[in-house]
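Shown next, in structure tokens, is the structure this report addresses.
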Amino acid sequence: MSAFEPSLSTSGMRPPLTSADAPSMADSLPSINFGFEDLRSRMAQFTARFDAFIERGRKQVLEERNQFKIGLVEMQEDERMRQRDIEILNLKAQTHEQTLQKEAAEAAEMHAAISSVELERAARLAKRDRLKQQIDETQKAIAQKTEAQKAHSRYLDAQSRLNVPELDFWQDYLCMRIEGAGREDRLKFVYTHLLEKDWEAEAWFELGTANRDYEVFHTRPKVDRDALNRELDLVNEDRDFGAFLKRVRKLFVEALK
């Protein structure tokens, strides 16, 4: 075996030492721009637009709801005013009819003025007919406008999450009432007549309506949470709210028993 020669060592393979001013290998590498700043900027812009979209949607929903309430109040006030106008016209018609009857009696007593009285009576009858015609036309106009308002209300009701006529039916059918829960996005459903021995006993749950999927926050008495969650999953899928209320009532009956 030959002796180890320095010329064959790794020192002979190293490049010559460079001076302090010579460029490093890192400086000779190509620069890579991953675009993190641009990506971060675009993400921030998207987040701001999305937040603005959500805020606009929320404001629009609130404005539409407030506008609907205002329109409903105005419709009720218009209906009240029209009803009062009808009552006034009816009163005038009754008064006029009484006047006609009085004049007819006077005409019977005043043979000398029968002709003039008959002419006056005919004129008053014609006036009464005009008044009746005006009343009929007013009532028809009111009926048409009322029907239009009802049609608009039915359209708005069809867009809402709960159908009011159907909900009224379930309230009567299930011995149930709906109350506020202290927040505009929650409703409290109270059941009665659950037990034959105690019809006054009540059970209730709070339903959250802020999102598309319903949520139940509180119940009294407590029911099996897994069973309640299954019912929530079912109603959030099929949107049959009446059937959901019926099934929840059964859960309360089982809990009370």
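Everything quoted here is computed from the prediction, not taken from an experiment.
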Applying the side-chain contact (heavy atoms from CB on, under 4.5 Å) criterion to R230, which one of L232, D226, L234 satisfies it?
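Testing each of L232, D226, L234 against R230, the sole residue satisfying side-chain contact (heavy atoms from CB on, under 4.5 Å) is D226.
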
Y191 side chain to L245 main-chain N or O, any donor-acceptor pair under 3.5 Å?
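Checked: pair present.
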
Verify, without hydrogens or angle tests, whether N236 (side chain) and Y214 (backbone) share a donor-acceptor contact under 3.5 angstrom.
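Yes.
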
Quick one: [atom1] on [X] to [atom2] on [Y], what's the gap to the nearest 0.5 Å?
| X | Y | atom1 | atom2 | value |
| --- | --- | --- | --- | --- |
| D51 | R56 | CG | CZ | 10.5 Å |
| R183 | K188 | CZ | NZ | 15.0 Å |
| K127 | Q134 | NZ | CD | 10.0 Å |
| Q133 | T138 | CD | OG1 | 10.5 Å |
| K92 | N90 | NZ | CG | 11.5 Å |
| E77 | R80 | CD | CZ | 4.0 Å |

Working for side-chain hydrogen bond (donor to acceptor under 3.5 Å, both in side chains), residues Q83 and E79
CA-CA 6 Å; Q83 187 63 32; E79 182 68 18; over 6 Å; no

A107 and I114: which non-hydrogen atoms are nearest, and at how many Å?
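Minimum heavy-atom contact is O-CG1, 3.9 Å.
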
Minimum-distance pair of heavy atoms, taken over all atoms of R247 and V235
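Nearest heavy atoms, R247 then V235: NH2-N, 4.2 Å.
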
Salt bridge [X]-[Y], side-chain N to carboxylate O under 4.0 Å:
| X | Y | value |
| --- | --- | --- |
| R186 | E206 | yes |
| E97 | K132 | no |
| D136 | K140 | no |
| R65 | E184 | yes |
| E37 | R40 | yes |
| E87 | R84 | no |

Taking the side chain as every heavy atom from C-beta outward, state whether [X] and [Y] have any pair of such atoms under 4.5 Å apart.
| X | Y | answer |
| --- | --- | --- |
| I142 | I86 | yes |
| R225 | N229 | yes |
| L89 | Q139 | no |

Could you work out, with salt bridge (Lys or Arg N to Asp or Glu O under 4.0 Å) as the rule, every residue matching E120, not counting sequence neighbours?
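Salt bridge (Lys or Arg N to Asp or Glu O under 4.0 Å) check on E120 returns R124.
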
Flag yes if [X] and [Y] sit in one hydrophobic cluster, no otherwise; membership is Ile, Leu, Val, Met, Phe, Trp, Tyr, and two members link when side-chain heavy atoms are under 4.5 Å apart.
| X | Y | value |
| --- | --- | --- |
| Y173 | V253 | yes |
| F241 | F169 | yes |
| L187 | L228 | yes |
| L251 | F217 | no |
| F252 | V216 | yes |

Under the side-chain contact (heavy atoms from CB on, under 4.5 Å) criterion, do R212 and R239 qualify, and how do the steps go?
CA-CA 10 Å; R212 181 188 181 278; R239 314 306 292 178; 3.7 Å; yes

Could you verify whether a donor N or O on one side chain and an acceptor N or O on the other, from Q67 and E63, lie under 3.5 Å apart?
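The criterion, which ignores hydrogens and geometry beyond distance, is not satisfied for E63 and Q67.
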
For the residue pair F244 and F189, is the inter-centroid distance of their aromatic rings smaller than 6.0 Å?
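No.
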
Show me the donor-acceptor pairs, under 3.5 Å and distance only, between side chains in residues 192-200 and residues at least two apart or in other chains.
residue, atom, partner, partner atom, Å
T192, OG1, C175, O, 3.3
D198, OD1, E200, N, 3.3
D198, OD1, A201, N, 3.4

I'd like to know whether CD of E237 has more than 12 heavy-atom contacts from other residues, nucleotides or ligands below 6.0 angstrom.
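At most 12 heavy atoms, drawn from other residues, nucleotides or ligands, come within 6.0 Å of this atom.
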
